[in-house]
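The structure appears below as structure tokens.
All values below were derived from every heavy atom in this structure, side-chain atoms included, with hydrogens, water molecules and symmetry-related copies excluded. None of the values given here were measured: they were computed from a predicted structure.
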Amino acid sequence: MFVGVGEACFVTLSPSWISDLFAATKRNTALSLFYVAVPFGSAIGFTIGGWFAQHGDWRGAFLYAGLPGILLALSLLFLREPQRGESDGIAGQIVPKPRVREVGALLLNRRYNLLVWGYAAQTFAIGAFGFWAPAFLLRIHGLPIGEGSTIFGAMLAGSGLVATLLGGFLANALRRRTPAGYVWVMAMSLIVAAPVCFFALMVENVTLSLIGLGASMFFIFLPTDPIVSEIFEIVPVHLRASAMAVCTFFIHLFGDFGSPTLVGQLSEWTKNLQRAVLILPAVLLIGAVLWTVLIRFTRDPLEVKA
């Protein structure tokens, strides 16, 4: 529970803090570098956990993955606190505090809703992938759990690292051409991810399945930072942290909070894990539809702030 509280604070406040340090022209690139931590850190966890599961005491995974975080957390005390709206040229001006009514109004904002529910679909898939991938590789393809975790961790690190960086740069390039540049990257990523994911889960050859899983993760992680950049274009400066908080709450509640359990229940019901995980490409397709609809309503990034 304490880990969850810390993570929730970090992922909610950090993007808003970055947005105050970097202007809109550089913000997406800065967020791209920041969000590399998600796949890279997850991959380190899978690798360490897989090694201890096969060769050592399970307690070692928590010690060697957790202790460095204490030192890194202390380093945050030396970072400069930017002024709210500093990168937007309003530093020194009185920035109003978010009111409950304004935060509640986010739930009625069409663009924000389409973005958040599509994001929840993406998070749903990531959560279930992370939990069930080693078991899937063991049950369907016969890979030992330690080997499967290590391979999956390596694929997660490689595909996530490249995809997160590439997605940010690609979104920047498209954003110069159209106000919906960020959303185009988001939508096209899931449009491609859904059939690739279906192929990876159904193919019988283990090598092709691993390649497909790696490609799926690549396209799932591709829109990571354009999502946050788009949120910051939808809401005014003083609502950024609140918008991230509401978004984080919904994507976890309706995304990765229940997806591993749902896949497990489907596996029990169908007596077949391979059939159960087919819910993942289906949910990715739903996310792709929502973000495709969002393209239609994304014109002027200032229209919602007016």
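- Nearest heavy atom pair, residue Val116 against residue Ile251, reads O-CG2, 3.9 Å.
- Transitive grouping of hydrophobic side chains (ILVMFWY, heavy atoms separated by less than 4.5 Å) keeps Trp184 and Leu285 in distinct clusters.
- At least one donor-acceptor pair closer than 3.5 Å links the side chain of Ser259 to the backbone N or O of Ala128.
- Side-chain atoms of Ser209 do not come within 3.5 Å of backbone N or O of Asn205 as any donor-acceptor pair.
- For Phe219, there are no ring-ring contact (aromatic ring centres under 6.0 Å, His included) partners two or more places apart in sequence or in a different chain.
- Clustering ILVMFWY residues whenever any of their side-chain heavy atoms sit less than 4.5 angstrom apart, transitively, puts Leu166 in a cluster other than the one holding Tyr182.
- Listed by chain and number, the residues in a side-chain hydrogen bond (donor to acceptor under 3.5 Å, both in side chains) with Asn113 are Trp117 (sequence neighbours excluded).
- Between Leu137 and Leu213, the closest side-chain pair of non-hydrogen atoms falls below 4.5 Å.
- Within the 3.5 Å criterion, the main-chain N or O of Leu201 finds a donor-acceptor partner in the side chain of Gln274.
- At a threshold of 4.5 Å between non-hydrogen side-chain atoms, the residues Ile126 and Met217 do not count as touching.
- Remark: side-chain polar atoms of Ser75 are paired, donor with acceptor, to backbone N or O of Leu72 under 3.5 angstrom.
- Put simply, the side chain of Tyr112 gets close to the backbone of Cys247: a donor and an acceptor are under 3.5 Å apart.
- The shortest non-hydrogen separation linking Pro226 to Gly167 is CG-O, 3.8 Å.
- In this structure, Ser19 contributes its side chain and Ser16 its backbone to a donor-acceptor pair below 3.5 Å.
- Annotation for Ala30 and Phe22: closest pair CB-CD1, 3.6 Å, computed over non-hydrogen atoms.
- For CZ of Phe34, the number of neighbouring non-hydrogen atoms (other residues, nucleotides, ligands) closer than 6.0 Å is greater than 12.
- With Gln122 contributing its side chain and Leu284 its backbone, the two residues share no donor-acceptor pair below 3.5 Å.
- Thr164 pairs by the side-chain hydrogen bond (donor to acceptor under 3.5 Å, both in side chains) definition with nothing, not counting sequence neighbours.
- The minimum heavy-atom distance between Cys197 and Pro281, with the atom names listed, is SG-CD, 3.7 Å.
- The ring pair (Phe, Tyr, Trp, His ring centres under 6.0 Å) contacts involving residues 124-149 comprise Phe136-His141, where partners must be two or more places apart or lie in separate chains.
- Looking only at side-chain heavy atoms (C-beta outward), Leu143 and Leu138 stay at 4.5 Å or farther from each other.
- Using a 4.5 Å cut-off on side-chain heavy atoms (C-beta onward), Pro15 and Phe232 make contact.
- In this structure, Leu239 is not a member of the same hydrophobic cluster as Val100, with clusters built from ILVMFWY side-chain heavy atoms closer than 4.5 Å.
- Between Ile231 and Ala243 the shortest heavy-atom distance is CG2-CB, 4.0 Å.
- Checked by atom type and distance alone, the side chain of Ser189 pairs as donor or acceptor with a backbone atom of Val185 at under 3.5 Å.
- The salt bridge (charged side-chain N to carboxylate O under 4.0 Å, His left out) test applied to Arg139 returns no partner, not counting sequence neighbours.
- One finds no salt bridge joining Glu233 and Arg240 here, because no Lys/Arg side-chain nitrogen approaches an Asp/Glu carboxylate oxygen to under 4.0 Å.
- The main-chain N or O of Ala180 is never found under 3.5 Å from a side-chain atom of Thr298 such that the two would form a donor-acceptor pair.
- Using a 4.5 Å heavy-atom threshold, the side chains of Trp17 and Leu21 count as touching.
- Relative to the six-membered ring of Phe297, Arg111 misses at least one condition, a distance below 6.0 Å or an angle of at most 45° to the axis.
- In this view, Glu102 and Arg99 satisfy the salt bridge (charged side-chain N to carboxylate O under 4.0 Å, His left out) rule, not counting sequence neighbours.
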